[in-house]
Amino acid sequence: MARSEGIVRVRFAPSPTGYPHLGNIRTALFNWLFARHHGGTFILRIEDTDVARLVEGATDTILDSLRWLGLDWDEGPYHQSERLEIYRGVADQLLKDELAYLCYCSLRRLESMRQEQTKKKQPPGYDRRCRHLTREQRAELEASGVTPVVRFKSPLEGQTSFCDLIRGEIVFDNSTLDDFVLLKSDGYPTYHLANIVDDHLMEISHVLRADEWLSSTPRHMLLYQALGWQPPNLAHLPMILGPDRAKLSKRHGAAAVDEYRDQGYLPEAMINFLALLGWSLDDKTELLSRQEIVNHFSLDRISKTAAVFNRDKLDWMNGLYLRGLKLEEFGKRASPFLERDLPLEIERPLDAGYIRQIMPLVQERAKTLAEVPQLTEFFFVDKPEYDAGLLTTKLERAEALEALRASVAKLEELQNWDAASLESVLRPLADELNLKTGEFFGLLRVATTGRTAAPPLFQTMEVLGRERCLERLRAALGKL
RNA sequence: GGCGCAUUCGUCUAGGGGUUUAGGACACCUCCCUCUCAAGGAGGAGAUCACCGGUUCGAAUCCGGUAUGCGCUACCA
């Protein structure tokens, strides 16, 4: 069945009509994995044949997303818009062989025909009027100046079947297929034509594409047949759905892949997560490196069922990868997010040495890099802003006042401002004040960070430094 | 409406005739650790394997039907 035994050539063929979402990129990933696993070739082809829906910058975003994830391609990107003569040539050949015909029907007629059919509960489809035009009728239409489209002559009876590598044997009755358009009146090919021509010319061995193409496959088979070409192997991938089980789209929050990058997800986590959406290694392995996935990837472990995208699990996995980073690497990756999201009044560029001190305190607390600025803001601002009420959530005002005063007194005399020394004076002080550590440290936490939840107190205070801590403790006193 | 595909815990999935009282993961709950939040550790709850028939000594696994979901049904891809 394979056209060239053993040689794997696959392609990712997005159309630049929008930004790539998880489903698109998962298709890219599976193609890439398949190529890398077999030592094959991964080709990138931009299917920009829909002039009306073309989105400015979409191609760049697609390329960026692939690069970000490390899905490197070996050939391309080819652009179908630069290959129009090729498709026209093939269409002409089909016309000459009488396997296709010119259709002069107006969009208006097609539209009203469809409405009529729907109203009568008939399957909508082209009624083949132009398939049976006489010579005179054709000449007349030609003279009227209408630009025709080229339609494929679908067989009226019989069946078309093919073997999908994931779903097995699939059969369609030809009677359910209409005479679809190959070449549009603007001179551009439709997906069906361009896709088949390019897959053949580029010697694609396996087509791994989304499930939504399954219904179009018999047309493609018929085209291959008409052209006398051998079709590639086919594998239709299960779709990725939103939480509401509908096709993934903008409505489901960040749908475009570059938004995940901007939200602080790591490409390696993304790869791991996406690989597991529709593919699995076994009954327990969840964490796989890119190389491990490449090594183990195979079509027969791809599921047939559409998968709902589960952001909680992505967050969990991203957190895992974040924690697995070397501290230095974590800081390197978090820095751009700090520069981007910390309040504007904080001086840029940020102090790299200071960041290095802070990072160990947040690495295990962040699920995404974008959370880092929020988690560490109090380290950078002059005075943390908070509601004075937070100081008295666990203590009476008088107790809080006493505790803060005592703390300031003790800390002013402290020689070494490090976590161990801080703990060695503050822990006994809790006893002296007759407070539980939770109450006392909680108070100091609010005073120094402005929050009730933050990294461990003594380490935080060490990083903040003596001056800043004492200043903040006095400020808290003032608030009471 | 027609055609196609799919259907295992809320979600991702394992399992593809007996080893299954259906395994793992996320989320959830409890406990431990603990100065808070995390992280980590230990447990728990959660699936009559969509339904109905059939094949078989035996079915989540095979077959048929039904239902439901999704996709396609464009001079979109």
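Residue numbering restarts at 1 for every chain, and letters A, B, ... go by the order of the sequence lines.
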Side chain of A:Met239 - closest among B:A74, B:C70, B:A77: B:C70
Side chain of A:Asn310 - closest among B:A77, B:C75, B:G10: B:G10
Within-4.5 Å side-chain heavy-atom neighbours: A:Pro232 and A:Tyr224: yes
Using only heavy-atom distances, decide whether a donor-acceptor pair under 3.5 angstrom links the side-chain of [X] to the base of [N].
{"X": "A:Gln117", "N": "B:G1", "answer": "no"}
{"X": "A:Thr176", "N": "B:G2", "answer": "no"}
{"X": "A:Ser185", "N": "B:C75", "answer": "yes"}
{"X": "A:Arg167", "N": "B:C5", "answer": "no"}

A:Asp418 side chain vs A:Ser421 backbone, donor-acceptor pair below 3.5 Å: yes
I need the [atom1]-[atom2] distance between [X] and [N], as an integer number of Å.
{"X": "A:Phe330", "N": "B:A39", "atom1": "CZ", "atom2": "P", "result": "13 Å"}
{"X": "A:Asn318", "N": "B:A25", "atom1": "CG", "atom2": "P", "result": "20 Å"}
{"X": "A:Leu320", "N": "B:A27", "atom1": "CG", "atom2": "P", "result": "10 Å"}
{"X": "A:Leu277", "N": "B:C26", "atom1": "CG", "atom2": "P", "result": "16 Å"}
{"X": "A:Glu169", "N": "B:G4", "atom1": "CD", "atom2": "P", "result": "13 Å"}
{"X": "A:Trp316", "N": "B:G24", "atom1": "CH2", "atom2": "P", "result": "14 Å"}
{"X": "A:Phe12", "N": "B:A77", "atom1": "CZ", "atom2": "P", "result": "16 Å"}
{"X": "A:Phe172", "N": "B:U73", "atom1": "CZ", "atom2": "C1'", "result": "11 Å"}

Given that both distances must come in under 3.5 Å, which nucleotide forms a Watson-Crick or G-U wobble pair with [N]?
{"N": "B:A14", "value": "none"}
{"N": "B:U21", "value": "none"}
{"N": "B:U30", "value": "B:A42"}
{"N": "B:A67", "value": "B:U7"}
{"N": "B:U36", "value": "none"}
{"N": "B:C72", "value": "B:G2"}

Any [X] side-chain N or O less than 4.0 Å from OP1/OP2 of [N]:
{"X": "A:Lys184", "N": "B:C76", "answer": "yes"}
{"X": "A:Lys313", "N": "B:U13", "answer": "no"}
{"X": "A:Arg451", "N": "B:U36", "answer": "no"}
{"X": "A:Arg445", "N": "B:U34", "answer": "no"}
{"X": "A:Arg53", "N": "B:A77", "answer": "no"}
{"X": "A:Ser280", "N": "B:A14", "answer": "yes"}
{"X": "A:Arg323", "N": "B:G40", "answer": "yes"}
{"X": "A:Arg114", "N": "B:C75", "answer": "yes"}
{"X": "A:Thr49", "N": "B:A77", "answer": "yes"}

Taking 4.0 angstrom as the limit, do [X] and [Y] come out as a salt bridge?
{"X": "A:Glu329", "Y": "A:Arg333", "answer": "yes"}
{"X": "A:Arg114", "Y": "A:Glu111", "answer": "yes"}
{"X": "A:Lys367", "Y": "A:Asp315", "answer": "no"}

Sugar-phosphate only, base, or nothing, as touched by A:Thr305 at under 4.0 Å among non-hydrogen atoms: sugar-phosphate
Between [N] and [M], how far apart are the two [atom1] atoms, rounded to whole Å?
{"N": "B:U19", "M": "B:G23", "atom1": "C1'", "value": "13 Å"}
{"N": "B:A14", "M": "B:C49", "atom1": "C1'", "value": "12 Å"}
{"N": "B:G43", "M": "B:C37", "atom1": "P", "value": "23 Å"}
{"N": "B:U8", "M": "B:A50", "atom1": "C1'", "value": "10 Å"}
{"N": "B:G54", "M": "B:G2", "atom1": "P", "value": "28 Å"}
{"N": "B:U61", "M": "B:G15", "atom1": "P", "value": "15 Å"}

Residue whose nearest RNA chain B nucleotide is more 5′ - A:Glu286 or A:Val149: A:Glu286
Position toward the 5' end of RNA chain B (nearest nucleotide), A:Arg365 or A:Trp213: A:Arg365
Residue from A:Trp279, A:Tyr265, A:Trp316, A:Phe309 passing ring pair (Phe, Tyr, Trp, His ring centres under 6.0 Å) with A:Phe273: A:Phe309
Distance-only polar pair, side chains of A:Thr368 and A:Asn318, donor-acceptor under 3.5 Å: no
Test: A:Arg219 cationic atom under 6.0 Å from A:Phe152 six-membered ring centre, within 45° of axis: no
